[in-house]
**Student:** 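Sending over a structure as structure tokens; questions will come in a sec.
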There are 2 protein chains.
Amino acid sequence: MRDVAALAGVSLKTVSRVVNREAGVSPDVTARVERAVAQLGYRHNLAASNLRRAHGRSAMVGAVLQDVSNSFSASLLRSLEDEARDRDVAIVASSLDEEPERERSIVESLVRRRVDGLLLVPATERQDYLADDLRNGLPVVFVDRRPQGVDTDSVTVDNGLGARLAVDHLVAHGHRRIAMVGDMPTIQTARARLEGYRSALRHAGVEPDPDLAAMSVRSSDDAVAAVYRLLDLDDPPTAIFAARNSLAVGAIRALHQRGLAGRVALVGFDDFPLADIVDPPLTVVRQNVRTIGAEVAKRLFARIDGDTSAPHHVVLTPELVVRGSGEIRP
Amino acid sequence: MRDVAALAGVSLKTVSRVVNREAGVSPDVTARVERAVAQLGYRHNLAASNLRRAHGRSAMVGAVLQDVSNSFSASLLRSLEDEARDRDVAIVASSLDEEPERERSIVESLVRRRVDGLLLVPATERQDYLADDLRNGLPVVFVDRRPQGVDTDSVTVDNGLGARLAVDHLVAHGHRRIAMVGDMPTIQTARARLEGYRSALRHAGVEPDPDLAAMSVRSSDDAVAAVYRLLDLDDPPTAIFAARNSLAVGAIRALHQRGLAGRVALVGFDDFPLADIVDPPLTVVRQNVRTIGAEVAKRLFARIDGDTSAPHHVVLTPELVVRGSGEIRP
DNA sequence: CATTCTCTTGACAACGTTGTCACAGCGCGG
DNA sequence: CCGCGCTGTGACAACGTTGTCAAGAGAATG
């Protein structure tokens with residue numbers, strides 16, 4: 001900037017004015033400065049500008065997701081980005097792979113970078129560590145899981161209801177031996193889905209069989225193994241509720257490998273791009289990611305713009321998408 | 001920081017030393033400062049620190065992708081992130097949806113933010129606009145497409161070879177009427193795949209029929225329509241080469257809807273997570289995204305660390321993954 | 001006891017910007 | 001011809017840090 005000023009024969013402040021398109025600079029000075037900018041390849045430094053101007057705001061938001069390469073996280077990121085683009089806000093994306101320590105270190109590093117707000121899909125049990133930053137006015141919107149130990153905005157779906165939709169559907173198609181494959185019960189959503197599964201069974205007059213609830217299943221490969229074990233039981237299930245999309249994928253693989261695709265009913269939780277063309281087409285409980293993403297972006301930017309109302313907790317309703325795999329009879 | 005210094009009864013510089021864990025501060029001063037930091041909830045400002053210290057480097061890299069929500073972009077982002085994490089480098093992710101103007105504006109905004117390097121999957125025909133920044137030492141690694149008009153690192157796959165692998169495979173299974181569904185020919189990779197398709201046909205002694213090359217197909221829905229048109233020809237194809245993963249998905253849908261799944265052969269370009277459990281399991285030409293991502297990260301961080309050797313152009317070899325849909329006979 | 005050295009600490013300027021204020025030049029009305 | 005307001009421009013300090021240097025307090029040395 002100093003060089004531009006020298007070359008154009010003006011002061012620093014005048015270059016600043018031209019670069020920021022402030023009114024009140026004569027046309028010929030403007031032209032001279034612009035020529036110098038082009039000639040020297042000068043680039044305005046946003047970090048310095050924000051330091052001086054915006055009292056440390058950075059025009060960035062952080063997205064702290066489970067794994068940017070899974071379709072749920074990626075779609076969420078994309079929704080947020082679409083909203084952010086209009087405001088010239090950049091998005092810093094991180095994956096935490098369900099690891100609590102990583103969550104804390106990522107959040108710490110984003111706060112150091114003075115992001116203007118945070119989208120957070122937490123892996124920690126409690127988020128008391130955020131209390132200071134929240135008090136200092138950092139906008140944080142939780143997604144998929146409710147905050148524990150602090151109170152701030154959240155956008156979640158009713159996981160218990162979703163699980164009940166799935167199980168009710170299977171019951172309505174004549175099933176009694178219904179298994180569940182779920183993630184670690186320490187994860188809030190996994191726990192809520194397990195509860196929903198049990199309560200739907202009881203409601204149907206079926207006492208939940210602990211042998212049929214395969215929990216702590218983490219990956220698609222784990223799900224294959226878990227489904228094998230379920231199928232090897234003396235009294236195997238006639239239907240499976242797979243409580244996360246990658247677990248449903250594992251379940252499909254396992255059924256294929258056992259030659260049981262189309263014989264054992266299957267309902268997944270979370271839709272994914274190709275669920276309609278797998279074999280058989282997968283019936284799922286869908287949470288509308290676009291809606292979630294839009295809601296999150298709306299809350300986050302409202303807070304950034306100064307909304308100080310009480311925390312909003314938006315709970316969206318999942319819906320059942322019938323495609324075939326869930327309508328197989330025992 | 002001023003407040004921390006006052007509370008601890010030390011100078012600004014001493015707080016800075018403690019915060020940066022510099023040696024040579026007495027234990028009791030360190031303790032006093034740390035107490036003050038905790039008490040006031042002080043957060044070190046990385047932007048200001050970098051401004052002063054790193055001569056404007058930001059410990060951020062930009063990832064300019066086609067669409068963070070598609071699986072190729074998302075996996076690439078994830079590979080880069082894994083590398084970046086160790087170095088405490090944050091990633092700013094953006095989608096450009098194949099729009100050239102957006103590419104320029106995104107790159108401009110990232111340069112203003114003084115990212116230390118750029119991963120770029122370009123949508124523009126030529127990237128001369130980068131010349132100034134490259135000359136100023138901005139590390140840029142192109143992915144999936146080679147730079148045009150400027151010379152800098154790139155990591156690509158041999159698209160012509162990939163297309164030939166696909167078509168040769170179909171020819172080997174007895175096909176002569178082989179259609180292609182491809183993206184806009186203005187896109188470098190789409191063009192290379194079209195060339196590969198044609199050259200493989202000629203090599204097999206088949207003159208390419210222009211009616212069978214459906215180009216400028218953008219989305220999965222477009223692909224459904226394009227496949228319908230192909231199937232409605234007087235002399236319809238017995239096999240289809242779908243030159244991008246979402247086009248393969250559209251092709252599968254179209255074949256299902258016409259009751260021709262399992263009757264018409266199909267080979268896709270780009271693998272995707274569920275290609276093995278769609279019906280029939282999809283034979284694809286795979287570009288190994290993990291390898292690409294790792295290679296990109298390696299180049300980018302080498303440049304950031306000061307490697308000034310001549311631009312590297314890494315060309316990876318795609319491979320055919322046989323699963324069923326490509327082995328159907330006419 | 002004077003001198004040198006080591007160890008801590010702090011004052012100051014600088015990183016690249018911009019908000020604030022002041023000032024020069026000009027035209028205009030009285 | 002004087003004072004006024006308006007327009008365009010620049011000097012300076014400040015944003016939150018840290019590199020540089022210097023200085024004070026002891027400790028070690030002769």
Side-chain angles (χ1 to χ4, degrees), chain A residues 1-34 36-37 40-60 88 109-116 133 136-138, chain B residues 1-34 36-37 40-60 88 109-116 133 136-138:
Chain A
M1 189 152 160
R2 203 162 35 223
D3 299 343
V4 171
L7 181 58
V10 298
S11 73
L12 278 179
K13 178 68 216 198
T14 297
V15 177
S16 166
R17 280 193 261 256
V18 172
V19 165
N20 289 294
R21 289 174 175 39
E22 282 175 40
V25 181
S26 70
D28 87 313
V29 171
T30 305
R32 251 170 35 230
V33 172
E34 279 171 350
V37 165
L40 297 175
Y42 164 78
R43 302 303 198 133
H44 188 217
N45 184 328
L46 234 174
S49 175
N50 285 333
L51 179 60
R52 176 65 236 258
R53 168 173 16 222
H55 206 76
R57 282 175 60 163
S58 58
M60 301 192 294
D88 268 314
S109 109
L110 291 171
V111 171
R112 272 167 149 54
R113 287 174 196 278
R114 294 295 187 274
V115 292
D116 298 337
D133 296 307
N136 285 331
L138 178 72
Chain B
M1 190 153 160
R2 203 161 34 222
D3 298 343
V4 172
L7 181 59
V10 298
S11 74
L12 276 180
K13 178 68 218 196
T14 297
V15 177
S16 166
R17 280 193 260 257
V18 172
V19 166
N20 290 294
R21 289 172 175 40
E22 282 175 41
V25 181
S26 70
D28 85 313
V29 171
T30 304
R32 248 167 40 227
V33 171
E34 278 169 351
V37 164
L40 297 175
Y42 164 79
R43 302 301 198 134
H44 189 216
N45 185 327
L46 234 173
S49 176
N50 285 334
L51 179 61
R52 175 67 235 257
R53 152 148 64 196
H55 207 77
R57 282 175 61 164
S58 58
M60 302 192 293
D88 269 314
S109 109
L110 291 170
V111 171
R112 271 168 151 53
R113 288 175 195 277
R114 293 295 187 274
V115 291
D116 299 336
D133 296 306
N136 285 331
L138 178 72

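Proteins get letters first, then strands, A, B, ... in listed order; numbering begins at 1 in each. Side chains included, hydrogens not; waters and symmetry mates left out as well; all remaining heavy atoms used.
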**Student:** In the structure I gave you, are the side-chain heavy atoms of B:Arg43 and A:Asp133 within less than 4.5 Å of one another anywhere?
**Tutor:**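 In contact.
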**Student:** With each end axis built from five pairs of C1' atoms, what bend angle do you get for the helix from C:dC1-D:dG30 to C:dG30-D:dC1? Round to 10°.
**Tutor:**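 About 60° separates the two local helix axes.
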**Student:** Does A:Ser11 have a side-chain nitrogen or oxygen under 4.0 Å from the phosphate oxygens OP1 or OP2 of D:dA11?
**Tutor:**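 So the side chain of A:Ser11 is outside the cut-off, no N or O lying under 4.0 Å from OP1 or OP2 of D:dA11.
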**Student:** Could you tell me whether the phosphate oxygens of D:dT9, OP1 or OP2, come under 4.0 Å of any side-chain nitrogen or oxygen in A:Ser26?
**Tutor:**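 So the side chain of A:Ser26 is within the cut-off, an N or O lying under 4.0 Å from OP1 or OP2 of D:dT9.
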**Student:** Nearest 0.5 angstrom please: B:Arg53 CZ to B:Ser16 OG, how far?
**Tutor:**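 Here the interatomic distance stands at 7.0 Å.
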**Student:** Is the backbone N or O of B:Ala59 less than 3.5 Å from a side-chain atom of A:Arg113, with the two atoms forming a donor-acceptor pair by type?
**Tutor:**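 Side chain of A:Arg113 to backbone of B:Ala59: a pair is present.
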**Student:** Under the criterion side chain to side chain contact (heavy atoms under 4.5 Å, CB included), I'd like the reasoning laid out for B:Val115 against B:Met60: C-alpha separation, chi angles, the key distance, then a yes or no.
**Tutor:** CA-CA 5 Å; B:Val115 291; B:Met60 302 192 293; 4.3 Å; yes
**Student:** Roughly how far, to the nearest 0.5 Å, is OG of B:Ser58 from CG of A:Leu46?
**Tutor:**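 If we round to the nearest 0.5 Å, A:Leu46:CG and B:Ser58:OG are 11.0 Å apart.
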**Student:** Under 3.5 Å between N/O atoms: give me all the protein pairs with nucleotides 23-25 of chain D, atom names plus distance.
**Tutor:**
none

**Student:** Can you tell me how far CZ of A:Arg2 sits from CG of A:Leu40, rounded to the nearest 0.5 angstrom?
**Tutor:**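 Reported to 0.5 Å precision, the distance equals 13.0 Å.
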**Student:** Would you mind building the protein contact string for nucleotides 12-18 of chain C? One character per nucleotide, 5' to 3', B for base within reach (heavy atoms under 4.0 Å), S for sugar-phosphate only, - for untouched.
**Tutor:** -BBBBBB
**Student:** So, do B:Thr14 and B:Ser11 sit near enough that their side-chain heavy atoms are less than 4.5 Å apart?
**Tutor:**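 They are in contact (side-chain heavy atoms under 4.5 Å apart), so the answer is yes.
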**Student:** Nearest 0.5 angstrom please: A:Arg114 CZ to A:Leu138 CG, how far?
**Tutor:**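 Reported value, rounded in 0.5 Å steps: 10.0 Å.
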**Student:** Identify which one of B:Val10, B:Asn20, B:Asp3 satisfies the side chain to side chain contact (heavy atoms under 4.5 Å, CB included) criterion when paired with B:Val15.
**Tutor:**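 Testing each of B:Val10, B:Asn20, B:Asp3 against B:Val15, the sole residue satisfying side chain to side chain contact (heavy atoms under 4.5 Å, CB included) is B:Val10.
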**Student:** Taking 4.0 Å as the cut-off, does a side-chain nitrogen or oxygen of B:Thr14 come that near to OP1 or OP2 on C:dT9?
**Tutor:**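 No, B:Thr14 has no side-chain N/O under 4.0 Å of OP1/OP2 on C:dT9.
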**Student:** With a 3.5 Å distance limit and no angle check, can you tell me whether A:Arg32 reaches the backbone of A:Ala8 through a side-chain donor-acceptor pair?
**Tutor:**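 Yes; at least one donor-acceptor contact below 3.5 Å.
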